[in-house]
Amino acid sequence: MNKRFKKIISLLICLAMLFTLTACSSSTNTPKETPKKTSDGLSFTPGTYAAEAPGRNGILKLEVTVDESRILSVKVLEHSETAMLSDAPIQQIPQKIVEGQTLKVDTIAGASLTSGAILAAAKEALTKAGGDINKLMQGVEKEKIQVQDAETDIVVVGAGAAGMIAAIKASALGKDVILVEKMGMLGGGDTMMASTLLNAAGSSVQKELSIPNSSAEDFYKQLDGIATQKNMPADRTTLKTYADRSGAMVDWLVDLGVPFGRITNTFQHKIKDGSAPGTHIVAALSKELNAKKVDYRLNTKATSIIMEDGKATGIEIETPDGNYKIKAKAVIVTTGGFSNNPELLAKYNPTWLNRPTTGSASLTGDGIIMAEKVGAALYNMDQVKANYLAHVLEDGSAVSLTAINNHTVLVNHDGKRFVNEDHGSINYKSEQMMMQKGHEAYAIFDQTVIEDLKLMKGYNDSGYFISADTLEGLADKIDVNKENFLKTMKDYQSYTINGEDKEFGRKISDPIDKPKYYAALVTPSMQSTYGGIKVDETGHVISTEGKVIPGLYAAGATSGHGAAAGEVGYALIVAVVFGDVVGEQAATDIK
Ligand SMILES: Cc1cc2nc3c(=O)[nH]c(=O)nc-3n(C[C@H](O)[C@H](O)[C@H](O)COP(=O)(O)OP(=O)(O)OC[C@H]3O[C@@H](n4cnc5c(N)ncnc54)[C@H](O)[C@@H]3O)c2cc1C
């Protein structure tokens, strides 16, 4: 297929998506024409109208400005929606209402409650403005466009950190790339959720802050030591690659605008203001995909890998507009883990199966299932990670409070501590919490955390925490034995002064003594999986017969690379480094 024909096909597909107002608008195939609007015949009383509606965590307020015949702007003014998950609907839905002059806008997959709140409030505001709601609900005219097959050099499946970076890398090396993502937004898997840190060595951030012993060799030694101590199934060549390449990847992300500026424990890169790294990384990579004009397609789900003569030659695609095929010289699978696939969890490791989940709903192991069907070997599938700091919301979903792990003391309903809060194993801490009444505990912290960590301030604004001016006052508001609780906190303060935790051996440096005091009810959740498709050190998929499957690659949480460090939370850097590695390898192989 020649390039011009390919472009026309891509354009047709994207046009189809644009007219259904899916989030394809930022892709390179965005057509120049404006879609036909419903504005013909619309009439309003000019002005600005405020309205509100209940969202996922509380009231969302917005204002709509109209002239006689058009919606001029929709602005979300206030909300307490979950940080990260609400970014896409808050950015995209108001824009789509104005672009289409319609209230018939698709909600963002994975953020339907926030999407619904914006649409409900906009509807109320436009009613106040005297708009014809029936007409506004009709939506834009949908052009009947047939989706068609496409052809490219490399197709990347799944737009998390691994997939976006693989696509950017392969494109920078001169290859035609199509990146497909089944959700309505980029990064909508676990990358968007990454709440705390990115581990790396030898970065410019570490150099600027003069962090001692932070070289790639030091990092490798630490990784190797942890893997040996915990008897983890970690391939040492893989560990070496990510120790060696991690610093350069952090520097690249900083160049793209990710504001890393704090280091803890030598290698943990954190965002300057204590916000979550995931959203910054997704924003920076999305910008780069647009800048480099990479063809990415949202609401586009891969359903199977096409094989010809033992070689992967493309994927089958499912979209709201119909199904089609993308033929490619290389297929890179970056679909994340399977934390939301109960069948796979039951089969490989059911320990945390019936717990709430802090992982993304989109992680259903699609890539692992597709690759296994074409003969790929799977490995480390029993490696799963819980999160002992999950806070469950009213709707049953859960958010991770991992960012406070070094700044909190955990007490059970009896008012007593039960574990070294800094113990190196997250699964161990989760197991200890499961033994407490209600399988839960209170994470206690103080105002320092709220001031220091922007993510926690956001969660506090969302009403997730209970607070009081004194520890006595806090004890009255939560379900603990007050006497025990106050003694526990008094003992803890004395340990911070002496630096010695006589009960659990924690090395304590942070006192909890700055009012207000906060409590968050936490419980273990199912967070991430670290097993997956077997790959060699540069991402070629290995078959059950131990041979490379030509044309097929995998990286990130779908590949099982993460098992190298699943227990210690190094997963995001694995996706970042091996996204880069696999993009380069696939581009090199198809030369
Ligand atoms: C709450 C939470 C907090 C975390 N915090 C940290 C942290 O602080 N530090 C750290 O190192 N790690 C952290 N992690 C782990 C880390 O975020 C992940 O390991 C990493 O982001 C995985 O990236 P990925 O690109 O491999 O997968 P993902 O980011 O999950 O991306 C996979 C993508 O593939 C898409 N997809 C799936 N199936 C299909 C299909 N059939 N067709 C098309 N697209 C598909 C998904 O929608 C998704 O967008 C955290 C994880 C969670 C859940």
Side-chain angles (χ1 to χ4, degrees), residues 82 84-85 109-110 155-167 179-200 242 246 267-271 276-278 281-282 285 296-305 315-319 332-341 357-370 385-387 389-391 397-403 405 426 455 525-530 532 554-563 565-566 568-579 582:
T82 306
M84 302 185 277
L85 282 182
V155 63
V156 183
V157 186
M164 287 195 275
I165 291 173
L179 168 63
V180 299
E181 166 56 50
K182 73 176 177 183
M183 303 283 276
M185 55 188 163
L186 292 166
D190 273 1
T191 298
M192 185 75 96
M193 306 280 197
S195 56
T196 313
L197 59 94
L198 187 76
N199 267 289
Y242 90 76
S246 59
F267 302 112
Q268 300 175 344
H269 290 66
K270 296 183 176 173
I271 302 298
I281 290 174
V282 170
L285 295 176
Y296 63 82
R297 302 172 184 198
L298 304 180
N299 298 305
T300 302
K301 179 180 174 182
T303 51
S304 63
I305 297 164
I315 51 170
E316 307 249 9
I317 289 293
E318 193 179 280
T319 80
I332 301 179
V333 182
T334 48
T335 49
F338 56 95
S339 57
N340 268 288
N341 184 320
T357 175
T358 29
S360 164
S362 72
L363 298 193
T364 44
D366 300 10
I368 295 170
I369 296 166
M370 287 188 278
K385 182 168 135 185
N387 178 351
L389 286 172
H391 176 70
S397 61
V399 293
S400 166
L401 306 185
T402 317
N405 63 348
I426 289 165
L455 179 64
S525 71
M526 171 68 225
Q527 173 133 318
S528 307
T529 61
Y530 293 107
T558 207
S559 72
H561 266 147
V568 280
Y570 293 161
L572 185 52
I573 190 64
V574 173
V576 167
V577 167
F578 288 98
V582 83

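Just follow the structure's listing: the first ligand is 1, and inside any ligand the first atom is 1.
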Please could you name the atoms of ligand 1 that Q527 approaches to less than 4.0 Å, counting only its heavy atoms?
1 (C), 2 (C), 3 (C), 4 (C), 50 (C), 51 (C), 52 (C), 53 (C)
Under 4.0 Å from a heavy atom of G556: which atoms of ligand 1 are those, numbered in the order shown and with their elements?
26 (O)
Look at atom 27 (O) of ligand 1 and find which of G336, G532, A554, G367 reaches it with the closest heavy atom.
G336
Supply the atom-to-atom distance I281 CD1 to L572 CG, rounded to the nearest 0.5 angstrom.
4.5 Å
Does any part of the side chain of I317, heavy atoms only, come nearer than 4.5 Å to the side chain of T303, both counted from C-beta?
no
So is there a nitrogen or oxygen of S362 less than 3.5 Å from a nitrogen or oxygen in ligand 1?
yes
Check: G365 main-chain N/O paired with T558 side-chain donor or acceptor under 3.5 Å
no
Have a look at T358, V399, I368, V282 and point out the one with the heavy atom closest to atom 53 (C) of ligand 1.
T358
Please work out, at 4.0 Å between heavy atoms, whether the side chain, the backbone, both, or neither of L198 comes within that distance of ligand 1.
neither
Ligand 1 contacted by V157 (non-hydrogen, < 4.0 Å)
yes
For atom 24 (P) of ligand 1, which of the options G278, A575, G579 provides the nearest non-hydrogen atom?
A575
Hey, are the side chains of Y296 and L186 touching, using non-hydrogen atoms and a 4.5 Å cut-off?
yes
Please identify which atoms of ligand 1 are closer than 4.0 Å to at least one heavy atom of S400.
1 (C)
Which option wins on minimum heavy-atom distance to atom 18 (C) of ligand 1: V576, D190, I315, T335?
D190
Can an N or O of T196 be found at a distance shorter than 3.5 Å from an N or O of ligand 1?
yes
Sub-3.5 Å donor-acceptor pair from the side chain of N340 to the main-chain atoms of S360, do we have one?
yes
Any sub-3.5 Å donor-acceptor pair from T334's side-chain atoms to A555's backbone N or O?
no
L179 side, atom CG; I165 side, atom CD1 - distance, nearest 0.5 Å
11.5 Å
Contact check, S360 vs ligand 1, heavy-atom distance below 4.0 Å:
no
Within the structure, does K182 bring an N/O atom to less than 3.5 angstrom of an N/O atom in ligand 1?
yes
Number the atoms of ligand 1 from 1 as they appear, then name those within less than 4.0 Å of a heavy atom of A161, with their elements.
25 (O)
Looking only at N/O atoms, are A557 and ligand 1 under 3.5 Å apart anywhere?
yes
State whether the shortest distance between N or O atoms of A555 and N or O atoms of ligand 1 falls below 3.5 angstrom.
no
Report the C-alpha distance between T196 and K270 in whole Å, list the side-chain angles of each, state the deciding distance to 0.1 Å, and finish with yes or no for side chain to side chain contact (heavy atoms under 4.5 Å, CB included).
CA-CA 7 Å; T196 313; K270 296 183 176 173; 4.1 Å; yes
About how many Å separate OG1 of T335 and CG of L363, when rounded to the nearest 0.5 Å?
8.5 Å
N or O pair under 3.5 Å between A302 and ligand 1
yes
Can you tell if the side chain of K182 reaches within under 4.5 Å of the side chain of T364, non-hydrogen atoms only?
yes
For T334, counting its heavy atoms only, list the atoms of ligand 1 lying under 4.0 Å from any of them.
32 (C), 33 (C), 34 (O)
For the pair S246 (side chain) and Y242 (backbone), establish whether a donor and an acceptor sit closer than 3.5 Å, ignoring hydrogens and angles.
yes
Using only atom types and a distance under 3.5 Å, with no angle test, would you say the side chain of E181 pairs donor to acceptor with the backbone of A159?
yes
Determine, using heavy atoms of T300 and all atoms of ligand 1, whether some pair is separated by less than 4.0 Å.
yes
Run down the list L197, N299, L186 and name the one with the heavy atom closest to atom 9 (N) of ligand 1.
L197
Polar-atom distance check: L572 versus ligand 1, any N or O pair below 3.5 Å?
yes
Spacing of CE belonging to M183 relative to NZ belonging to K301, to within rounding of 0.5 Å:
11.5 Å
Could you list which atoms of ligand 1 come closer than 4.0 Å to a heavy atom of D366?
38 (N), 39 (C), 40 (C), 41 (N)
Indicate yes or no: does an N/O atom of E181 lie under 3.5 Å from an N/O atom of ligand 1?
yes
Find all atoms of ligand 1 within a distance of less than 4.0 Å from any non-hydrogen atom belonging to K301, and give their numbers and elements.
41 (N), 42 (N)
Got a donor-acceptor contact below 3.5 angstrom from the H391 side chain to the L389 backbone?
no
Quick check: does A162 get an N/O under 3.5 Å from an N/O on ligand 1?
yes
Below 3.5 angstrom, do we get any N/O pair linking T191 and ligand 1?
yes
In ligand 1, which numbered atoms sit nearer than 4.0 Å to a non-hydrogen atom of A194?
3 (C), 4 (C), 5 (N), 6 (C), 17 (O)
D366 side chain reached by V333 side chain, heavy atoms, under 4.5 Å
no
So S195 and S400, do their side chains get closer than 4.5 Å, heavy atoms only?
yes
